[in-house]
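Report on one structure; see the data block that follows.
Remember, predicted model here, so these are calculated numbers, not experimental data.
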Amino acid sequence: MASTPFHIRPAEERDIDIILQLIKDLATYEKEPESAKATPELLRENIFDKKYAHTLLAFTGSPSSPGEPMGMALYFFNFSTWTGKPGIYLEDLFVKPEYRGSGVGKALFGELGLIAEEKKCARIDWVVLTWNQPSIDFYEKKLGAKAMKEWMGMRLEGQGIEKLKSLAIKRQ
């Protein structure tokens, strides 16, 4: 693939529609387009107002003359009780198919590495779908990531979260 000049920058509120489209593109790639429930309002509130998450965006061209969006890394900070340090949880990394192999994914990870160093993070965690062998190969062979096979992801949504309230100690 011919090298396409690109740059990466933190997302700004004016990028909400771009972020939303990349989320929809990712959901389609992961064969679950109906699962993408994000809206511009939710992204504005939770990324830019409340700052629950952060987004890096890759664009063709240069910062002074940006072109098309190429991909994104959406992440947030967590904390490790074992290391006593913060970490980064990479919620989603997506590169548009036409830009894969151009170094965008590596560069997004590189930016995360710089952020992790700046914030003194002990680690960067993420998950990958078991059927996504090209990504698994990239993570293991190019990045040196290690699969955490002894761990199983767990999740509560909607009614599961609602049920948790019954376990809470009554507040006075």
Heavy-atom pair of closest approach, residues Ala38 and Leu43: CB-CD2, 4.2 Å
Is a donor from one side chain sitting under 3.5 angstrom from an acceptor on the other, for Ser80 and Arg123? yes
Which heavy-atom pair separates Ile23 from Ala36 by the least distance, and what is that distance? CG2-CB, 4.3 Å
How are the rings of Phe77 and His54 set relative to one another: parallel (under 30°), tilted (30 to 60°) or perpendicular (over 60°)? perpendicular
Find out whether Leu90 and Leu112 are in side-chain contact, i.e. whether some heavy atom of one side chain is under 4.5 Å from a heavy atom of the other. yes
Spell out, as yes or no, whether a donor-acceptor pair under 3.5 Å connects the side chain of Asp15 to the backbone of Glu12. yes
Leu20-Ile47 co-clustered via ILVMFWY side chain contacts under 4.5 Å: yes
In the structure I gave you, are the side-chain heavy atoms of Glu98 and Arg100 within less than 4.5 Å of one another anywhere? no
First locate atom CG of Leu74, then atom CZ of Phe94, and finally report the distance between them rounded to the nearest 0.5 Å. 13.5 Å
Indicate yes or no: at least one non-hydrogen side-chain atom of Lys96 is less than 4.5 angstrom from one of Leu22. yes
Is Tyr52 close to Glu45 at the side-chain level, that is, under 4.5 Å between some pair of heavy atoms? no
Hydrophobic clusters here meaning ILVMFWY residues chained together by side-chain heavy-atom distances under 4.5 Å, can you tell me if Met72 and Ile18 are in one? yes
Please say whether more than 12 non-hydrogen atoms of neighbouring residues, nucleotides or ligands are located less than 6.0 Å from CG in Leu167. yes
Are the side chain of Lys85 and the backbone of Trp82 linked by a donor-acceptor contact shorter than 3.5 Å? no
Would you find more than 12 non-hydrogen atoms of other residues, nucleotides or ligands less than 6.0 Å from Glu13 atom CD? yes
Show me, pair by pair, the donor-acceptor contacts under 3.5 angstrom made by side chains of residues 139-166, not counting sequence neighbours?
from   : atom 1 : to     : atom 2 : distance (Å)
Glu162 : OE2    : Lys165 : NZ     : 2.7
Ser166 : OG     : Lys163 : O      : 2.8

Let me confirm one number: the OG1-NZ distance from Thr28 to Lys31, rounded to the nearest 0.5 Å. 12.0 Å
Is it the case that one hydrophobic cluster holds both Leu56 and Phe109, taking links as side-chain heavy atoms less than 4.5 Å apart, direct or via other members? yes
Could you check if a side-chain atom of Tyr75 sits within less than 4.5 angstrom of a side-chain atom of Ile115, using non-hydrogen atoms only? yes
Are Gln21 and Asp25 close enough that a side-chain donor and a side-chain acceptor fall under 3.5 Å? yes
Determine yes or no for a side-chain-to-main-chain donor-acceptor pair under 3.5 angstrom, with Thr60 supplying the side chain and Glu68 the backbone. yes
Does any part of the side chain of Val127, heavy atoms only, come nearer than 4.5 Å to the side chain of Tyr89, both counted from C-beta? yes
Spell out, as yes or no, whether a donor-acceptor pair under 3.5 Å connects the side chain of Asn78 to the backbone of Gly87. yes
Would you say Thr4 and Val104 make side-chain contact, with heavy atoms under 4.5 Å? no
